[in-house]
Amino acid sequence: MSDKINVLIPEETVDAKIKELGEKISEDYKGKEVHLICILKGGVFFACELAKRITVPVSLDFMQVSSYGNATTSSGIVRIKKDLDDSMEGKEVLIVEDIIDSGRTLHYLIPVLKQRNPASIRLCALLSKPDRREAEVNIDYLGFEIPDEFVVGYGLDYAQKYRNLPFIGVVEPEEDNGEAQSEGKGETIE
C-alpha cells in the first residue's frame with residue numbers, strides 16, 4: 001500500500017509566503033542582527049528558505065525538542081534532545097518552527113529560553129493548527145493556519161518520509177481497492 005498525498009498548499013504559494021515573511025522580518029529587525037533558532041528536524045527546510053530571504057545579518061543555531069516521540073499525537077512531556085551550541089545572551093532571537101500544533105512544546109520552551117537573557121525572543125512558524133491548541137503560544141510571524149489534518153512536506157514528515165516535498169500535503173490512506181480518493185484538496189501525488 002502506498003501513501004497518497006493531496007496538495008494542501010502548493011509550492012508557489014509556500015514560496016510567496018516565505019518571501020513575504022522574510023520581508024516583514026527584515027523590516028522589523030532593520031539595523032539589527034537576527035539570531036535564528038531552528039527547531040529540528042522539521043524546521044530546517046523552512047529556516048533555510050526563510051534565512052535566504054532575510055536581508056539583515058543572520059546567525060543560526062539549532063535545537064531539537066520533542067513532545068511526540070514516535071507517536072502522531074503529543075505525549076505532553078517535553079524533552080530537549082539537542083541544546084543550542086552558542087549563547088543567545090543579548091541576541092535578537094527568532095525561533096523558527098515548522099508547525100505549531102498543541103502548542104505544548106513552545107509553551108514550555110520559550111520561558112526556558114527567556115532565562116538565557118536574549119535581547120528579545122519572537123516566534124516564526126510556517127504552519128499553525130489552531131483547532132489543536134492546548135497551550136497558548138504567541139506566533140509573531142505566521143505563514144498559514146491550516147485545518148486539523150496530518151500534513152507533510154517542507155520538513156514535515158510521516159515516519160521520516162516526505163520531508164523533502166516542496167509543498168504542504170495531506171496524507172490520505174489508500175482505499176483497499178487501490179482507487180484514488182478525491183476530496184477536492186488539490187492535485188494528488190502517488
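The structure presented is a predicted model; accordingly, all values stated were derived computationally and were not measured.
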Close side-chain approach of Ile110 to Asn138, heavy-atom, < 4.5 Å: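 Side chain of Ile110 against side chain of Asn138, heavy atoms only: no contact under 4.5 Å found.
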
Any Val96 side-chain heavy atom under 4.5 Å of Phe46 side chain: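 Yes, at least one pair of side-chain atoms sits under 4.5 Å.
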
Audit row: Asp3, Tyr162, side chain to side chain contact (heavy atoms under 4.5 Å, CB included) steps and yes/no: CA-CA 10 Å; Asp3 299 311; Tyr162 309 121; 2.8 Å; yes

Parallel, tilted or perpendicular: rings of Phe150 and Tyr158 (30°, 60°):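 Geometry flag for Phe150 against Tyr158: perpendicular rings.
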
Candidates Ile168, Ile39, Ile146 - the one meeting side-chain contact (heavy atoms from CB on, under 4.5 Å) with Ile99: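 Testing each of Ile168, Ile39, Ile146 against Ile99, the sole residue satisfying side-chain contact (heavy atoms from CB on, under 4.5 Å) is Ile146.
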
Qualifying residue for side-chain contact (heavy atoms from CB on, under 4.5 Å) with Tyr154, from Ile18, Asn164, Val44, Leu127: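 Testing each of Ile18, Asn164, Val44, Leu127 against Tyr154, the sole residue satisfying side-chain contact (heavy atoms from CB on, under 4.5 Å) is Ile18.
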
For the side chain of [X] and the backbone of [Y], is there at least one donor-acceptor N/O pair under 3.5 Å apart?
X	Y	result
Asp140	Cys124	no
Ser26	Thr55	yes
His35	Val93	no
Arg133	Ile100	yes
Asn6	Val170	no

Can you name the nearest heavy-atom pair linking [X] to [Y], along with the distance?
X	Y	answer
Cys38	Leu60	CB-CD1, 4.2 Å
Leu142	Lys17	O-CD, 4.4 Å
Phe167	Ile5	CE1-CG2, 3.9 Å
Glu97	Leu123	CB-CD1, 4.4 Å

Is it true that [X] and [Y] have a side-chain N and a carboxylate O under 4.0 angstrom from each other?
X	Y	value
Asp157	Lys41	no
Asp83	Arg116	yes
Glu23	Lys19	yes
Glu27	Lys30	no

Pair Ser128, Glu145: side-chain N/O donor-acceptor within cut-off below 3.5 Å: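 There is no such pair between these side chains.
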
Heavy atoms from other residues, nucleotides or ligands near NZ of Lys32 exceed 12 (cutoff 6.0 Å):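 It does not: Lys32 NZ has 12 such atoms or fewer within range.
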
CA sep, side-chain torsions, deciding dist, call: Asp86, Lys91, side chain to side chain contact (heavy atoms under 4.5 Å, CB included): CA-CA 11 Å; Asp86 301 317; Lys91 295 181 180 178; 4.3 Å; yes

